[in-house]
Amino acid sequence: MSLETVSTNRAYGGTQGVYKHASSATGTEMTFAVYVPEHAEGAKLPVLFYLSGLTCTHANVMEKGEYRAACAEHGIVFVCPDTSPRGDDVPDDEGYDFGKGAGFYVNATQEPWATHFHMRDYVENELPALVAENFPVDMDRQGITGHSMGGHGALTISLRNPGRYKSTSAFAPIVSPLNCPWGEKALTGYIGADKAAWREYDACALIADGARLPDILVDQGTGDNFLEEQLKTHLLEEAVAAAGMSATIRMQEGYDHSYYFISTFMADHVAWHAERLKA
């Protein structure tokens, strides 16, 4: 797969790069960022995928996430894809929570979205293959994390692919799209009105239906204005308790939904992933 380098910058001894390629999953050009820490020649490093939230591109976490120092310390490659397909031919919606910037990490089945909005295939299959081909990564040591809509993506992708990801975490995830306005709008539009088809895109429903992970780490700010209506962290707490699944769900006093929150706890998450990815 052909990869074009958009930019590279030296950071903490490693390289922060931005790359683009023609995607077979979305039928569009896709852009993503990769940080590769300094490493011995020929070494293969663990890799952590980060999925961003509504309205974001690869650039939000790259510019505000403050992950590079921790990734350099622990020797972890950090990969940041976009949140949706882009381009003049890609359909969009007037709302910030649907269409471009809001792919929800699903494979759309409804028109006009079904042609391009295949972010599930992109993140689960195409992007990992591209990363494995072009960067010094050990694909047996993958982790995944994300924020908000991306936290939803990280949890559901990992739950649907048992054993692929050695570590899974999330920042302020949408834990149950079946039970919040963001999810109802996105999944109705992309997948259709049959809520049974939504369950594979809902972390709480996947756990209730038998999916399991060894453990997860979730941070959620108590000052997050989306907590009560959209994120509903308590539903994940109830789901993992009912399943007897190990989970560390931390309510962080006073923190909001922004990158001030994410950047505060990013090093904790990278270290948590490093412990599991190096085992």
Side-chain angles (χ1 to χ4, degrees), residues 50-56 83 95-98 102-107 119-120 123 143-162 165 167-258 261-262 265 268-269 272:
Y50 176 93
L51 306 184
S52 291
L54 288 167
T55 76
C56 291
T83 52
Y96 74 94
D97 53 356
F98 195 64
F104 251 81
Y105 305 100
V106 305
N107 284 344
M119 290 304 294
R120 172 180 176 173
V123 173
I144 192 166
T145 186
H147 170 234
S148 194
M149 177 185 73
H152 138 78
L155 292 174
T156 55
I157 288 169
S158 190
L159 284 162
R160 287 196 305 265
N161 293 276
Y165 301 96
S167 55
T168 306
S169 76
F171 302 86
I174 303 169
V175 304
S176 184
L178 277 159
N179 292 290
C180 74
W182 279 340
E184 290 173 5
K185 179 177 180 177
L187 296 183
T188 299
Y190 293 137
I191 308 299
D194 181 8
K195 291 192 174 184
W198 299 9
R199 296 186 69 82
E200 62 185 320
Y201 296 114
D202 184 298
C204 294
L206 284 164
I207 293 169
D209 292 345
R212 297 290 184 270
L213 295 173
D215 58 356
I216 58 173
L217 171 64
V218 172
D219 276 310
Q220 171 63 59
T222 63
D224 190 325
N225 61 324
F226 298 116
L227 176 57
E228 296 302 320
E229 183 180 24
Q230 304 283 10
L231 307 177
K232 301 189 177 183
T233 309
H234 69 280
L235 295 179
L236 182 62
E237 292 175 318
E238 293 167 5
V240 297
M245 195 175 105
S246 178
T248 300
I249 301 174
R250 308 188 298 194
M251 302 302 295
Q252 303 291 0
E253 186 63 33
Y255 283 90
D256 60 20
H257 201 66
S258 73
F261 157 66
I262 298 166
F265 299 101
D268 284 356
H269 280 242
W272 186 88

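For reference, positions follow the sequence shown, starting with 1.
- With rounding to the nearest 0.5 angstrom, the CG atom of Leu236 is 10.5 Å from the CD atom of Gln220.
- The ring-ring contact (aromatic ring centres under 6.0 Å, His included) analysis of residues 192-225, with sequence neighbours excluded, yields no pairs.
- Going from atom OG of Ser258 over to atom CG of Asn225 covers 10.0 Å, rounded to the nearest 0.5 Å.
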Go through it in stages, so that I can follow the logic: the residues are Leu213 and Tyr165, the test is side-chain contact (heavy atoms from CB on, under 4.5 Å), and I'd like the CA-CA distance, side-chain angles, deciding distance and then a yes or no.
CA-CA 9 Å; Leu213 295 173; Tyr165 301 96; over 6 Å; no

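- Between Leu231 and Ala172, the closest heavy-atom pair is CD2-O, 3.6 Å.
- Considering every non-hydrogen atom in both Glu229 and Cys180, the closest pair reads O-CB, 3.6 Å.
- The two residues Gly254 and Thr222 make their nearest non-hydrogen contact at N-OG1, 2.7 Å.
- The two residues Ala154 and Ser169 make their nearest non-hydrogen contact at CB-O, 3.9 Å.
- Partners of Tyr105 under the side chain to side chain donor-acceptor pair (under 3.5 Å) rule, at least two apart in sequence or in another chain, do not exist in this structure.
- Closest approach of Thr156 and Ala203 over heavy atoms only: CG2-N, 3.6 Å.
- Note: Phe261 and Phe171 have perpendicular aromatic rings, judged against thresholds of 30 and 60 degrees for the angle between ring planes.
- Residues His152 and Phe104 form a side-chain contact, since some pair of their non-hydrogen atoms from C-beta on lies under 4.5 Å apart.
- With hydrogens and angles ignored, the 3.5 Å screen pairs no side-chain donor or acceptor of Thr83 with any backbone N or O of Ser52.
- The number of heavy atoms from other shown groups lying within 6.0 Å of CD (Glu184) is above 12.
- Arg250 places no side-chain N or O within donor-acceptor distance of the main-chain N or O of Val218, the cut-off being under 3.5 Å.
- Remark: Thr248 OG1 to Asp268 CG distance equals 11.5 Å, nearest 0.5 Å.
- Closest approach of Ile191 to Ala197, counting heavy atoms only: CG2-CB, 3.8 Å.
- Side chain of Thr188 to main chain of Lys185: no donor-acceptor pair is present (N/O by atom type, distance under 3.5 Å, no hydrogens or angles).
- Between atom CD1 of residue Ile144 and atom CG of residue Leu51 there is a gap of 4.5 Å, rounded to the nearest 0.5 Å.
- Between Leu227 and Thr233 the shortest side-chain heavy-atom distance falls below 4.5 Å.
- The CG atom of Asn179 lies 12.5 Å from the CD1 atom of Ile174; values are rounded to the nearest 0.5 Å.
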Could you go step by step and tell me if Glu237 and Val175 meet the side-chain contact (heavy atoms from CB on, under 4.5 Å) rule?
CA-CA 10 Å; Glu237 292 175 318; Val175 304; over 6 Å; no

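- Applying the ring-ring contact (aromatic ring centres under 6.0 Å, His included) test to pairs two or more places apart or on separate chains, those with a residue in residues 217-236 are Trp182-Phe226, Phe226-His257.
- Distance check, rounded to the nearest 0.5 Å: NZ of Lys232 to SG of Cys204 gives 10.5 Å.
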